[in-house]
Structure formats: structure tokens, C-alpha cells
Amino acid sequence: MRPDTPAENVDHAAEAARLERTAGLYPEDAEALLLRAAAHLELSGDRPAATKLYDRLLSPSEPAPAPLENPSLVRALKASNLWEYDHEAEARAIIDGVRAAGPRDPAPWVIVAEALESHDELEAAHETFTEGARLLLTDVPEPPYATHPLLYGRHRVRRMLGLDHDAWDTLADTLHSMPVSLDELHDPKRVWSLGSDNPADLEAEISRLRAELGAYREALSRPFPVAMLHWPAAELAELLEAYPSLAAEYPSYDAHLASIEAALRELASSGTPNLGVVPGTVPSYEAFAASEGASPADPTLLPQYATTLAARGLAVAWPPQRGAACWCGSGRAYGDCHGADVTGNR
């Protein structure tokens, strides 16, 4: 779908089919592509077909080039979708599983909490938002951008429950930059203003809706991460065997990892936001080079390749969440690996 295509003109079923075909051509991107296809199927109203795609991703019998990057996200989306067409018991069971898994990514927490909220399970939604916030934001001096919806959602549910502000509500108010305050946006009495005959009430509601729209646009206009290209050890060995001239860029695997971490820290210290790491593979790099009409041995192609991968949503945010695995793929926590000398100050 072209980015300038109006939403009302999108054939969601056709777009889902196109994304499924593309996933077959680029299996390394299948997770991201099939999730987008499932979203189009949900928008088209074909929720059972969307569930089949989520099951396809989660099925251990489905051939896949690698394990899912974010299985909790897929399960959360499946649960939310199931509940929308009357599979409540299964949805609840999956939601319980997501919460028990304690994912380090805020998106699954937000999705399952909002699913509970949309079905008037406000107490459970509040507990879920709070669990996610406690796991991801305890002892974190500044909440990463991706965690803001956790705090905003928790604030909204607490307002509907009539609970007093606490420290995290105050933090949410601080992070919210729109001209209309969160308290006003999340006022449970807002719905009554839509039926008011008082022009002042309607004008105030229009201002609130504009503020919400501005927040959504701001979120959608976030730039792609400034991503550093990471070659896993096996991929780097294959790359250098095929294109020995690139050894000047990558004298050793350890030097490659060290240069990534050093570059990210330098960018962070200069105030560059939205940093990330994106993993490369030799087949996709060769395909990218062919699409550019260039040789994979050309080192100037490497940053363009990294930018392209980031634009496809494949970058992992840096620095990782507290306690999350290191970006290098070692399997160790970031604080015990490349972040060993900095996480204590984060």
C-alpha cells in the first residue's frame, strides 16, 4: 500500500494477500509482514482469517527461518482479535499467558490491557497496565518512548475507576505534551458533552479531539530508528568469505560489536533520539545490492542497507529495556554484556 493512499480506498483483503505473497519471497521478514497482513484482515472484517495468520506464526510445525522475535506480541494480537468475534474464553487464557510470561516489550502489555479495557474489565486492565509499568519502568530514570502508552493507558483506566493520582499518573502527565491535559482527555464525563446543546461544551470537545489526533499523528510520524548494522557471527563470516574486500570494514567480529556499541553511545551522548540495531543477512544484503544495481562489495552500500532494514521495522531499540537480552545475540542481559559499564547509570 502506498503511504499516500487514503485509508478508505484500501482494499484490505487484497493488501493482506499481497503481504502474504511478499512474506513467501522474504522469509526473514515473515513475522513483520504477516502481522501487517493480519491487521488488514482484521480491518476487512475477516477476523477468523487473521487468527489463522497468528496461528501460522505461532505454530511450531510451520517452517520458519528463525524463532519469532516477539512471540508475546503475536499472542497478544491474537487474543485481542479472538475476543472481538466471541472467543472470550480462549482470549482470556492467552491474556493470562502473556501476563505470566512478563514480556520486556511494552506493546504486548498495552494490547492485552486495552483488550480488557474495551470489554469493560477495568480492574483487570488496571492490573495489567500496572504490572507492565512495574516490570519495565522500575528504577528507570526516563521512560523510553515505547513505554509511554503503558502510562497513558493506566492513567485513563484509573480515571474511569475514580482512583486518585499516584506517582506514575504524575509521570504520565509530565510526559504528555499536548495542549489538553491527560486529566481532561481521560475525563469519564467527556461522553456527555457530545450530547450537550451548549456550544461551549462542544467547542471544548473539539479541542480535546484535536489534541488526541495530534498525539496520534506525532506517534505515527516518529522517524525510523538511526540504526547500526549488526552482522551475527555466522553471517559476518559468510559475508567476508564472499566479499573479502569488506574486511577493511570488519577486521574482526569482536571489533564489529565494539564499534556498534561505541557508535550508539556517541550518538546518544550527542542527543540523537530513537536509536536502534538492525541485524543483517547475506541473502537479503545481496538482494538489496541487486535492487540498487550495485556490487555487494561496495562498502558505501552498507549504511543504505541498514536504513532500508530499519524502514521495514526490523530495528531493535537501543539501549534495551532493563533486564532485556543484549542486542548482540549473546543471550546474556545487556547489563551483563555490552552495557556492563553503563546500565548502572541508566
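Quick caveat, the model's predicted, so the values are computed rather than measured.
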(message) Whether the side chain of Glu117 engages the backbone of Leu122 through a donor-acceptor N/O pair (distance < 3.5 Å, no angle test) should be reported.
(response) no
(message) Please check this pair: side chain of Ser284 against backbone of Thr281, looking for a donor-acceptor N/O pair closer than 3.5 Å.
(response) yes
(message) Quick check: do Trp327 and Ile260 have side-chain heavy atoms less than 4.5 Å from each other?
(response) yes
(message) Would you compute the distance between atom CG of Leu161 and atom CZ of Arg154 and round it to the nearest 0.5 angstrom?
(response) 10.5 Å
(request) Verify, without hydrogens or angle tests, whether Ser270 (side chain) and Leu267 (backbone) share a donor-acceptor contact under 3.5 angstrom. (result) yes
(message) Could you tell me if the side chain of Asp336 sits less than 4.5 Å from the side chain of Ser330, heavy atoms only?
(response) no
(request) For Trp83 and Arg92, indicate whether the former's side chain and the latter's backbone hold a donor-acceptor pair under 3.5 Å. (result) no
(request) Check whether any side-chain heavy atom of Leu137 lies under 4.5 Å from a side-chain heavy atom of Leu151, and answer yes or no. (result) yes
(message) Please determine whether a side-chain nitrogen of the Lys or Arg among Asp164 and Arg158 lies less than 4.0 Å from a carboxylate oxygen of the Asp or Glu.
(response) no
(request) Would you give the length of the straight line joining atom NZ of Lys78 to atom OG1 of Thr51, rounded to the nearest 0.5 angstrom? (result) 7.0 Å
(request) Could you pull out the closest heavy-atom pair between Ala306 and Ala227, with the gap in Å? (result) CB-O, 4.0 Å
(request) I would like to know whether His12 and Leu41 meet side chain to side chain contact (heavy atoms under 4.5 Å, CB included); could you show each step before the answer? (result) CA-CA 6 Å; His12 291 292; Leu41 289 171; over 6 Å; no
(request) Given ring pair (Phe, Tyr, Trp, His ring centres under 6.0 Å), test His176 with His155 step by step and report yes or no. (result) CA-CA 11 Å; His176 178 71; His155 185 287; 8.6 Å; no
(message) If hydrophobic clusters are built by linking Ile, Leu, Val, Met, Phe, Trp and Tyr wherever their side-chain heavy atoms come under 4.5 Å apart, do Val98 and Ile111 end up in the same one?
(response) no
(message) Let's go through Glu42 and Tyr85 carefully: what are the C-alpha distance in whole Å and the side-chain angles of both, what is the deciding distance for side-chain hydrogen bond (donor to acceptor under 3.5 Å, both in side chains) to 0.1 Å, and is it a yes or a no?
(response) CA-CA 10 Å; Glu42 289 191 38; Tyr85 69 109; over 6 Å; no
(request) Before accepting this row, confirm whether a basic side-chain N of the pair Arg36/Glu20 lies closer than 4.0 Å to the acidic partner's carboxylate O. (result) no
(message) For a quick test of reading the model, state the closest non-hydrogen atom pair linking Pro143 to His148 and the distance between them.
(response) O-NE2, 3.4 Å
(message) Are the side chains of Glu88 and Leu82 in contact, using a 4.5 Å heavy-atom criterion?
(response) no
(message) Between Leu239 and Phe288, is there shared hydrophobic-cluster membership here, with clusters defined by ILVMFWY side-chain heavy atoms closer than 4.5 Å?
(response) yes
(request) Answer yes when Glu127 and Arg134 have at least one side-chain N-carboxylate O distance shorter than 4.0 Å, and no when they do not. (result) no
(request) Could you tell me the separation between the OG1 atom of Thr147 and the CG atom of Leu135, rounded to the nearest 0.5 Å? (result) 11.5 Å
(request) Could you tell me whether the side chain of Ser59 and the main chain of Asp55 form a donor-acceptor pair under 3.5 Å? (result) no
(message) Quick check against the 3.5 Å criterion: does Thr128 have a side-chain atom that pairs as donor or acceptor with the backbone of Ala124?
(response) yes
(request) Answer whether the closest heavy-atom distance between the side chains of His338 and Trp318 falls below 4.5 Å. (result) no
(request) Going by the side-chain contact (heavy atoms from CB on, under 4.5 Å) test, name the single residue among Leu301, Leu240, Leu236 that passes it with Leu246. (result) Leu240
(request) Tell me, with the steps shown, if Tyr285 and Trp231 meet ring pair (Phe, Tyr, Trp, His ring centres under 6.0 Å). (result) CA-CA 11 Å; Tyr285 177 58; Trp231 297 100; 5.6 Å; yes
(message) Quick check against the 3.5 Å criterion: does Glu31 have a side-chain atom that pairs as donor or acceptor with the backbone of Glu69?
(response) yes
(message) Quick one, Pro320 and Cys326 - any side-chain contact, counting heavy atoms below 4.5 Å?
(response) no
(message) Test side-chain hydrogen bond (donor to acceptor under 3.5 Å, both in side chains) on Asp46 and Ser44; report intermediate values, then the result.
(response) CA-CA 6 Å; Asp46 194 350; Ser44 75; 5.4 Å; no
(request) Provide the closest heavy-atom pair for Gly276 versus Leu264 in the form atom of the first, atom of the second, distance. (result) O-CD2, 3.8 Å
(request) Flag the pair Val110 / Tyr152 as yes when at least one side-chain heavy-atom distance between them is below 4.5 Å, and no otherwise. (result) no
(message) Working to the nearest 0.5 angstrom, can you tell me the gap between Trp168 CH2 and Leu175 CG?
(response) 13.0 Å
(message) With clusters defined by side-chain heavy atoms of hydrophobic residues (ILVMFWY) lying less than 4.5 Å apart, directly or transitively, does Tyr253 cluster with Leu302?
(response) yes
(message) Can you tell me how far apart CG (Leu116) and CG (Asp120) are? Round to the nearest 0.5 Å.
(response) 11.0 Å
(request) Answer yes or no: is there a donor N or O on one side and an acceptor on the other, between the side chain of Asp169 and the main chain of Asp166, under 3.5 Å? (result) yes
(message) Hydrophobic clusters here meaning ILVMFWY residues chained together by side-chain heavy-atom distances under 4.5 Å, can you tell me if Leu68 and Val112 are in one?
(response) no
(request) Go through the side-chain N and O atoms of Tyr243 and Ser295 and say whether any donor and acceptor fall under 3.5 Å apart. (result) no
(message) If I take atom CG from residue Leu35 and atom CG from residue Leu57, how far apart are they, to the nearest 0.5 angstrom?
(response) 5.5 Å
(message) Using modelled atom types and a 3.5 Å cut-off, is there a donor and acceptor pairing between side-chain atoms of Ser80 and backbone atoms of Leu77?
(response) no
(request) Over all heavy atoms of both residues, which pair between Pro279 and Leu229 is shortest? Give the atoms and the distance, please. (result) C-CD1, 4.5 Å
(message) More than 12 heavy atoms of other residues, nucleotides or ligands under 6.0 Å from CD of Glu123: yes or no?
(response) no
(message) Could you report the tightest heavy-atom contact between Ala125 and Val157, atom names first, then the distance?
(response) CB-CG2, 4.3 Å
(message) When you compare the side chains of Glu84 and His119, does any donor N or O come within less than 3.5 Å of an acceptor on the partner?
(response) yes
(message) Keeping His230 on the side-chain end and Gly280 on the backbone end, is there a donor-acceptor pair under 3.5 Å?
(response) no
(message) Which heavy atom of Leu150 sits nearest to which heavy atom of Ala133, and what is that distance?
(response) CD1-N, 3.9 Å
(request) Please check if Val226 and Tyr305 belong to a single hydrophobic cluster, counting links between Ile, Leu, Val, Met, Phe, Trp and Tyr side chain heavy atoms closer than 4.5 Å. (result) yes
